[in-house]
Amino acid sequence: MMAAMGVARTFPRHAGDVLTALRLAGTPLFVALVWRAPHHAGAGWLAAGVFYAIAASDFFDGRLARRAGETSAIGRVLDHGADILFILSALTSYVTLGVVPWWVPAAIAASFVTYVYDSARGNAAAAPQLRPSRIGHLGGWLNYVLVGVVVCNESTGLRVLPQPLLTVLYALVPLYSGAAIAERVRMRLAR
């Protein structure tokens with residue numbers, strides 16, 4: 001009997017959702033630290049630490065949920081909502097500070113809106129479900145990488161990457177966001 005329950009008891013129930021909720025709670029803290037960083041160097045390093053904690057929570061929340069046997073549609077929606085809230089809050093803060101071009105978060109938002117719309121329209125007979133795509137998943141990871149690069153480059157003051165290289169990274173965002181939108185349109189037309 002213990003072996004049958006072993007997988008579910010490996011981690012507490014809803015451990016993945018707790019990590020996702022921590023990501024939601026960490027987002028305003030991250031934004032506040034980003035805003036404070038230009039005036040206090042320590043805030044930039046704290047922002048980097050909060051970023052890495054948030055990124056780690058995104059990496060581990062689904063794994064914990066699967067390990068505990070507690071995956072759910074609500075957990076996936078919460079996860080994706082926490083991701084987009086963090087990414088758009090972070091990048092919009094950097095837009096306002098004059099670091100990131102406005103079209104970077106706009107491209108990400110357009111891709112996410114297309115994802116939600118496509119998922120909602122996916123099956124009219126059943127409850128809407130999030131419909132993942134490989135390009136969208138890759139784009140989500142690249143969005144986290146971009147925020148990590150910007151926080152390390154700008155908020156900490158390390159300035160490891162020169163501006164021309166950052167501009168190339170920014171230019172990639174509409175490309176992979178557009179590719180995710182095109183993939184959704186292609187999948188819809190194929191049905």
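Numbers here are sequence positions counted from 1. Predicted model, so just to flag it, every value in this text is computed and none were measured.
Under a hydrophobic-cluster definition in which Ile, Leu, Val, Met, Phe, Trp and Tyr are linked whenever side-chain heavy atoms come within less than 4.5 Å, directly or via other members, Val147 and Trp102 are assigned to the same cluster. Neither Ile135 nor Leu172 shares a network with the other; the hydrophobic side chains, linked directly or stepwise wherever heavy atoms of I, L, V, M, F, W or Y lie under 4.5 Å apart, form separate groups for each. Linking Ile, Leu, Val, Met, Phe, Trp and Tyr residues whenever their side-chain heavy atoms come within less than 4.5 Å places Leu165 and Val150 in a single cluster. When hydrophobic clusters are built by joining Ile, Leu, Val, Met, Phe, Trp and Tyr residues whose side-chain heavy atoms come closer than 4.5 Å, directly or via intermediates, Val185 is not grouped with Val116. Tracing side-chain contacts under 4.5 Å through hydrophobic residues (I, L, V, M, F, W, Y), one reaches Ile54 starting from Leu29; they form part of the same cluster.
Here Tyr144 pairs with Phe86 under the ring-ring contact (aromatic ring centres under 6.0 Å, His included) rule; sequence neighbours left out. Among residues two or more places apart in sequence or in another chain, the side-chain contact (heavy atoms from CB on, under 4.5 Å) test is passed with His40 by Arg36, Ala43. Looking at residues two or more places apart in sequence or on another chain, you find a side-chain contact (heavy atoms from CB on, under 4.5 Å) between Ser155 and Val34, Ala37, Tyr94, Val151. For Leu138, the side-chain contact (heavy atoms from CB on, under 4.5 Å) partners at least two apart in sequence or on another chain are Leu142. By the side-chain contact (heavy atoms from CB on, under 4.5 Å) test, Ile84 pairs with Leu88, Ile108, Phe112, sequence neighbours left out.
Between Arg134 and Glu183 no salt bridge is recorded (no basic side-chain N to carboxylate O distance below 4.0 Å).
Between the side chain of Asn143 and the backbone N or O of Ile87, no donor-acceptor pair lies under 3.5 Å. Side-chain N or O atoms of Ser177 include none that pairs as donor or acceptor with a backbone N or O of Pro174 at under 3.5 Å.
Using bins of under 30°, 30° to 60° and over 60° for the plane-to-plane angle, the ring pair Trp141/Phe59 lands in the perpendicular bin.
Annotation for Ala107 and Val173: closest pair CB-CG1, 4.2 Å, computed over non-hydrogen atoms. When all heavy atoms are compared, the tightest approach of Val100 to Pro105 is CG1-CD, 4.4 Å. Across Asn153 and Thr156, no two heavy atoms sit closer than the pair N-OG1, 4.3 Å.
With values rounded to the nearest 0.5 angstrom, Gln163 atom CD is found 6.0 Å from Tyr170 atom OH. Rounding to the nearest 0.5 Å places CH2 of Trp35 at 5.0 Å from OG1 of Thr96. Taken to the nearest 0.5 Å, the OG1 atom of Thr20 stands 7.5 Å off from the CG atom of Asp58. Taking CD of Glu154 as the reference point, atom CG of Leu161 lies at 9.5 Å (rounded to 0.5 Å). In this structure, CG on Asp79 lies 10.0 Å from CG on Leu19, to the nearest 0.5 angstrom. Atoms NE2 and CG, from His80 and Asp83 in turn, are 7.0 Å apart once rounded to the nearest 0.5 Å.
Side-chain atoms of Thr114 and Arg184 form no donor-acceptor pair, as typed in the model, at a separation below 3.5 Å.
Under the side chain to side chain donor-acceptor pair (under 3.5 Å) criterion, no residue pair touches residues 46-55, with sequence neighbours excluded.
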Apply side chain to side chain contact (heavy atoms under 4.5 Å, CB included) to Ser89 and Val31, showing your working. CA-CA 7 Å; Ser89 296; Val31 168; 3.8 Å; yes

Trp103/Val95 under side chain to side chain contact (heavy atoms under 4.5 Å, CB included): CA gap, chis, key distance, verdict: CA-CA 9 Å; Trp103 43 265; Val95 167; over 6 Å; no

